[in-house]
Amino acid sequence: MRESQGLITAGDPVAKKAAKKLYIESYGCQMNFSDGEVVAAILGEVGYRSTSQSDEADLVLLNTCSIREKAEQSIRKRLAHYHAVKRKNPRLKVGVLGCMAERLKSRLLEEKAVDLVAGPDAYRDLPRLLGAVEAGSPAVNTCHSKTETYAEINPVRLDSNGVSAWVSITRGCDNMCSFCVVPFTRGRERSRDPQHIVAECMVLWQDGYKEVTLLGQNVDSYLWYGGGPKRDFKYASELAKATAMDFAQLLELVAQTVPAMRIRFSTSNPQDMTEDVLRVMAAHDNICKSIHLPVQSGSDRILKLMNRQYTNQSYRRLIDKIRDILPGCGISHDLIAGFCSETEADHRDTLRLMDYVRYHFGYMFAYSSRPGTAAAKKLADDVPESTKKRRLQAIIARQRLHSSMRMKEQLGRVQRVLVAGTSKKNEGEWYGRNTQNAVVVFPKGSYQLGDWVDVKVSDCTPATLIGKAVGLA
Ligand code: SF4
């Protein structure tokens, strides 16, 4: 391995003549995609070179998601596909990583669906597991770790545009929301050493990247006190407590270390977001003015059943504070329609909250019960599917209305856009995002990928701002 800014970087895999080819297929959240890049770095060290073509791979790893039943069904279909491919190409090895690996453990091996199973804390063990596969032994490791953050590993950027990258800052979650599998699949919350986070951002800057997104299941809960689970902080020494770093401090450190880089973060949990974080955002131009703030429901009764640690009122107060400290800040949400026992009145509370916030955009889902969660064990999934669907449609329609209103607010204004790629709908246009995280498209002209461009908005859809470049920023 070579060392760069204190990070361990996979040796140049292209130089490894007999490199085997690794294809990683990631599903679900950004954390999963980011983990895929850590896995590519670990396996790069034992001679695997990443490929974007599954049909030339020696090893296929499905990096899986268990958050919803539908996600698991899609992965089951992909496993069936690779099972068929393996019949034609017995040399091909197939492994399952991520949350589904953790949830289904050796069942996947017993079903002979895969050769290897590794949970989110077991990726350093992949070289040994591959050896076990070669030796015909069971290859499964789904052990949880209290300390693993892959802190010093410099990820191999997969499918990268060379402009934006993810940097992981925490792993796991302690919140125990009653509908969520994450605390079971990803374990207890741990924070990554800030020195490694900063070093990774520096390497990205030197490699030409212009934007980083600090990632974690609950970034606002970040707490570095020398390593270990967050819940053990109370046992830390007085010195460790006195020198501990929270998310506001980390955000400021990153903003100051790479002042010309744009910084985003995700995901925030309403109960953990502090005024200090908002003030740091306000103080640094390079921190984007957008916050993803999942609310899940507008009903206090449902929030309590979900074990969310805030109320409709405290959430509104937080929104007011954001509006006060960061006027114009983009705010997005996650919402679940049809959670256990949800009534029409609860649903109306959700719509009223949406009207209060008028979110810029959101991710909206019908509730699906996940085995092993508190909700699956203790609450009846008793809202008929047709009702879930109807309420979800109402939520989506309301969001479209609000997104449209938010987009129209930008008409005639100049947006600073970081060019991230070619527009999916028009080869002749670039797309990028403004500080509020809205997609902006404009004619390419002579601008290049990675340029900062000022774009005057002349039109919009509920999802996209459309404009013309007025010059380099
Ligand atoms: S905050 Fe709640 S929903 Fe988010 S990962 Fe943690 S337990 Fe799951």
Side-chain angles (χ1 to χ4, degrees), residues 27-35 63-72 98-103 119-121 144 146 148-149 166 168-192 213-223 229-231 246-247 265-274 277 291-300 302-312 314-315 318 331-340 342 350 362-379 381:
Y27 293 85
C29 63
Q30 289 171 329
M31 273 305 282
N32 247 14
F33 285 81
S34 169
D35 276 3
N63 196 5
T64 61
C65 170
S66 283
I67 203 92
R68 270 170 275 282
E69 199 180 340
K70 214 171 150 203
E72 282 200 4
C99 292
M100 208 168 144
E102 183 62 42
R103 206 177 79 71
D121 288 343
H144 277 307
K146 286 183 175 175
E148 181 62 270
T149 58
W166 297 301
S168 162
I169 65 165
T170 67
R171 294 186 76 80
C173 185
D174 286 347
N175 276 336
M176 302 303 287
C177 299
S178 66
F179 55 83
C180 183
V181 289
V182 166
F184 305 100
T185 58
R186 289 189 162 266
R188 289 293 167 200
E189 197 173 300
R190 298 138 267 168
S191 295
R192 185 180 177 198
T213 302
L214 306 179
L215 274 188
Q217 250 78 37
N218 183 7
V219 287
D220 295 83
S221 181
Y222 178 90
L223 185 67
K230 183 173 179 185
R231 64 178 174 171
D246 66 13
F247 182 57
F265 57 86
S266 185
T267 293
S268 293
N269 195 295
Q271 77 216 37
D272 293 309
M273 177 150 238
T274 63
V277 170
I291 300 174
H292 185 60
L293 202 60
V295 64
Q296 311 299 4
S297 171
S299 153
D300 282 341
I302 295 295
L303 288 172
K304 204 164 178 197
L305 288 175
M306 288 176 163
N307 197 29
R308 303 286 285 183
Q309 306 296 315
Y310 53 87
T311 61
N312 179 310
S314 65
Y315 187 88
L318 178 57
I331 303 178
S332 54
H333 67 79
D334 292 345
L335 268 170
I336 296 174
F339 187 69
C340 311
E342 187 189 73
T350 295
Y363 300 98
M364 299 147 278
F365 305 96
Y367 174 63
S368 85
S369 172
R370 305 309 296 129
T373 59
K377 285 181 195 161
K378 295 183 195 152
L379 302 171
D381 181 11

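All ligand and atom numbering here is 1-based and tracks the order in the structure.
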For this session: Take Tyr363 and His333 through the side chain to side chain contact (heavy atoms under 4.5 Å, CB included) test and state the conclusion after the steps.
Result: CA-CA 6 Å; Tyr363 300 98; His333 67 79; over 6 Å; no

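Of all atoms in ligand 1, listed by their number and element, those nearer than 4.0 Å to a heavy atom of Cys180 are 3 (S), 5 (S), 7 (S), 8 (Fe). For ligand 1, the atoms closer than 4.0 angstrom to any heavy atom of Pro183 are 7 (S). Every atom of ligand 1 is numbered from 1 in the order shown, and the set under 4.0 Å from a heavy atom of Arg308 is 2 (Fe), 3 (S). Below 4.0 Å from some heavy atom of Met176 lie the following atoms of ligand 1, by number and element: 7 (S). Less than 4.0 angstrom separates some heavy atom of Val182 from each of these atoms of ligand 1: 5 (S).
Ranking the protein heavy atoms by distance from atom 5 (S) of ligand 1 puts Gln217 CG, 3.5 Å first. The nearest heavy-atom contact from the protein to atom 6 (Fe) of ligand 1 is Cys173 SG, 2.3 Å.
Test Asn218, Leu223, Thr170 against Lys230 for side chain to side chain contact (heavy atoms under 4.5 Å, CB included) and you get one pass: Leu223. The one candidate from Gln271, Glu189, Gln309 that meets the side-chain hydrogen bond (donor to acceptor under 3.5 Å, both in side chains) condition with Asn175 is Gln271.
Atom OG in Ser266 sits 10.0 Å away from atom CD1 in Ile169 (nearest 0.5 Å).
Among the atoms of Cys177, an N, O or S atom falls under 2.8 Å of atom 2 (Fe) of ligand 1.
Residue contacts with ligand 1 include Asn269, since one of its heavy atoms falls under 4.0 Å from the ligand.
The aromatic rings of Phe265 and Phe247 stand perpendicular to each other, their planes meeting at an angle above 60°, with 30° marking the opposite boundary.
Counted by atom type alone, Ser268 and Asp220 present one or more donor-acceptor pairs between their side chains at under 3.5 Å.
For Tyr27 and Phe33, the ring centers sit 6.0 Å or farther from each other.
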